[in-house]
Amino acid sequence: MKKIINLRSLAAQTLERVVEQGQSLSNLLPAAQKNLSDKDSALLQELCFGVLRSLPLLEAAIQQLMSRPLTGKQRPLHFLIMVGLYQLLYTRIPPHAALAETVEGAAVLQRPQLKGLINGVLRQFQRQQETLMPQLEQGAQRFLHPAWLLKRLQQAWPEQWRQIVEANNQRPPMWLRVNRRHHTREGWLSLLQSSGHNAMPHSVYPDALMLEQPMAVALMPGFDRGWVSVQDASAQGCVTYLDPQNGEAILDLCAAPGGKTTHILEAAPEARVMAVDVDAQRLKRVHENLQRLNMQAEVKQGDGRFPQQWCSNLQFDRILLDAPCSATGVIRRHPDIKWLRRDRDIAELAALQREILEAIWPYLKTGGTLLYATCSVLPEENHLQIERFLTQHADAEEIPLADGPHAGLQNFPHPQGGDGFFYAKLIKK
């Protein structure tokens, strides 16, 4: 007998593990989707991503609708109510279907006695929605960010923080990278257009195209033959600024899942590339990417703080250090970041970045280039990090990538642009 899967209860359980237990949605979702159809898999992702995007507003609504919160073993039902509210507010699912499936989720979560409560709360919301939502959209919860992060963004970027927050709360665009070893960007775009789809070229990054509408990779011309990859425009900026050349020894440090490794080899097919990451599981993705694109690189597991353990006495012409960071520039792709990160994490991450930068600098040849990059928008991890490094290393010189008062180039997430990213280009004198 086929087991009936209730997607709402599955979403509620997944969300509880993210918000209450601090687990990553990127790790949880593939397991939850394992035996689902494509349609159900997409809906589960929509429910999880949507609730995490709008969490503070949904929490505020529940506080208004319930006299006391669900706690202890009933806690998954709190997230089930959130799933119900999200559907009523933000999806086209008919309200009667959303209510029926969500209420039934209580039975799947082995709390059938609470079906009446779930039904009552959601119906009460329907009755009060027109008066309740304008009230809720007045408070700080309307920004859909934790207070500590909102404060940091406001202090760091008094002019731009609203733009950053609004972009974080939107669905991300889908960016592609055309493999220049096979096609020019314009040549591949014409193949895409002849298949009935369209995309917009990036004005700065030469391989980047933004799809008008997201599409399955199986439908992309030549995806299985390595003609194109899915990669955000700002991530592609790393290779534009690194400017790898044939014949050079190049280190891609913190390389997983391998998007930048393969981009380096597309730009400089005869470069000798070493890809290093501390995470053995994520290194499997590097191998998969190299295999799909039919490329060769030396892949090693290693900690960036201790290059002597994996690098012996090698020296590199170019080093790409895509440093571990808060990922505050890619929240729109990973909305769980808002609820997994803590204020105290930022100083710890900045210390880790500094340690890796200091450790790897001696492995850069004189005259060589190091590109430091993060997918963060916080100064402690970005321009303050680089400015400190420059004051302490007389042999380091910055090649400016933008006009401005600070070191490096800071990209902010943009609805028609790439994710939030920082780059600084250093030359060893």
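- We find the CG-CD1 distance between Leu70 and Ile62 to be 8.0 Å, quoted to the nearest 0.5 Å.
- When only modelled atom types and interatomic distance are considered, Asn313 and Gln315 share no side-chain donor-acceptor pair under 3.5 Å.
- Judged by distance alone, the side chain of Lys425 and the main-chain N or O of Tyr241 form a donor-acceptor pair under 3.5 Å.
- Distance check, rounded to the nearest 0.5 Å: CG of Leu44 to CZ of Arg8 gives 10.0 Å.
- Using the six-membered ring where Trp is involved, Phe389 and His393 have ring planes that are parallel, under 30° apart on the 30 and 60° scheme.
- Looking at Lys338, its side chain does come within 3.5 Å of a backbone N or O of Arg53 through a donor-acceptor pair.
- The backbone N or O of Gly408 lies less than 3.5 Å from a partner atom in the side chain of Glu398, making a donor-acceptor pair.
- Checking Thr262 against Arg292 by side-chain atom types alone, no donor-acceptor pair falls below 3.5 Å.
- We find the CD-CD distance between Gln23 and Glu16 to be 10.0 Å, quoted to the nearest 0.5 Å.
- The backbone N or O of Gln193 lies less than 3.5 Å from no partner atom in the side chain of Asn198, so there is not a single donor-acceptor pair.
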Please step through salt bridge (charged side-chain N to carboxylate O under 4.0 Å, His left out) for the pair Glu266 and Arg177, ending with a clear verdict.
CA-CA 10 Å; Glu266 287 171 11; Arg177 184 185 85 226; 2.8 Å; yes
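- What you find for Ile331 and Leu149 is that their closest heavy atoms are CD1-CD2, 3.8 Å.
- A donor-acceptor pair under 3.5 Å links the side-chain atoms of Asp317 to the main chain of Ala249, judged by distance alone.
- Side-chain atoms of Asn289 come within 3.5 Å of backbone atoms of Pro257 as a donor-acceptor pair (strictly under, hydrogens ignored).
- Using a cut-off of 4.0 Å between Lys/Arg side-chain N and Asp/Glu carboxylate O, Arg75 and Glu20 are scored as salt-bridged.
- Checking side-chain atoms of Gln353 against main-chain N and O of Pro324 turns up a donor-acceptor pair under 3.5 Å.
- Of the possible polar contacts, none joining the Glu212 side chain to the Met200 backbone as a donor-acceptor pair under 3.5 Å is found.
- Counting all heavy atoms, side chain and backbone alike, Glu381 lies closest to Ser326 at OE2-OG, 2.6 Å.
- At least one donor-acceptor pair under 3.5 Å links the side chain of Trp188 to the backbone N or O of Pro221.
- When the side-chain hydrogen bond (donor to acceptor under 3.5 Å, both in side chains) test is applied to Gln155, no partner is found at least two apart in sequence or on another chain.
- Checking side-chain atoms of Asp232 against main-chain N and O of Asp419 turns up a donor-acceptor pair under 3.5 Å.
- Between Phe422 and Tyr372, the ring planes are perpendicular. Angles over 60° get that label, and only those under 30° would be called parallel.
- The aromatic ring centroids of His202 and Trp175 lie less than 6.0 Å from each other.
- Using a 4.0 Å cut-off between charged side-chain N and carboxylate O, Asp395 and Lys429 make no salt bridge.
- Not less than 6.0 angstrom separates the ring centroid of Tyr363 from the ring centroid of Phe316.
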Name each donor-acceptor pair under 3.5 Å that joins a side chain in residues 100-109 to protein atoms two or more places apart or in another chain, with its distance.
from, atom 1, to, atom 2, distance (Å)
Thr102, OG1, Gln87, NE2, 3.0
Thr102, OG1, Ala98, O, 2.6
Glu104, OE1, Lys115, NZ, 3.3

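- By the 4.0 Å N-to-carboxylate-O rule, Glu248 lies close enough to Arg318 to be salt-bridged with it.
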Evaluate side chain to side chain donor-acceptor pair (under 3.5 Å) for Asp303 paired with Gln309, printing each intermediate quantity in order.
CA-CA 8 Å; Asp303 190 322; Gln309 294 177 358; over 6 Å; no
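- Here the closest heavy-atom approach between residue Leu85 and residue Ala61 is recorded as CD1-CB, 4.2 Å.
- Between the side chains of Arg152 and Thr328, no donor-acceptor pair is found at a separation under 3.5 Å.
- Leu88 and Leu122 make their closest contact through CD1-O, 4.0 Å (heavy atoms, listed as atom of the first residue, atom of the second, distance).
- No donor-acceptor contact under 3.5 angstrom links the side chains of Tyr423 and Gln410, judged on distance only.
- Partners of Trp339 by side-chain hydrogen bond (donor to acceptor under 3.5 Å, both in side chains), not counting sequence neighbours: none found.
- Applying the ring pair (Phe, Tyr, Trp, His ring centres under 6.0 Å) rule to pairs touching residues 139-173 yields Phe143-Trp161, Trp157-Phe412, sequence neighbours excluded.
- Here the closest non-hydrogen pair linking Ala275 and Thr261 is CB-OG1, 3.7 Å.
- Taken from CD1 in Ile399 to CG in Leu370, the straight-line distance is 12.0 Å, to the nearest 0.5 Å.
- Under the rule for a side-chain hydrogen bond (donor to acceptor under 3.5 Å, both in side chains), Asn294 has no partner lying at least two apart in sequence or in another chain.
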Please table the atom pairs, donor to acceptor, closer than 3.5 Å between any side-chain atom in residues 24-36 and protein atoms at least two apart or in another chain.
from, atom 1, to, atom 2, distance (Å)
Ser24, OG, Ser26, N, 3.2
Gln33, NE2, Ser41, O, 3.2
Gln33, NE2, Ser41, OG, 3.0

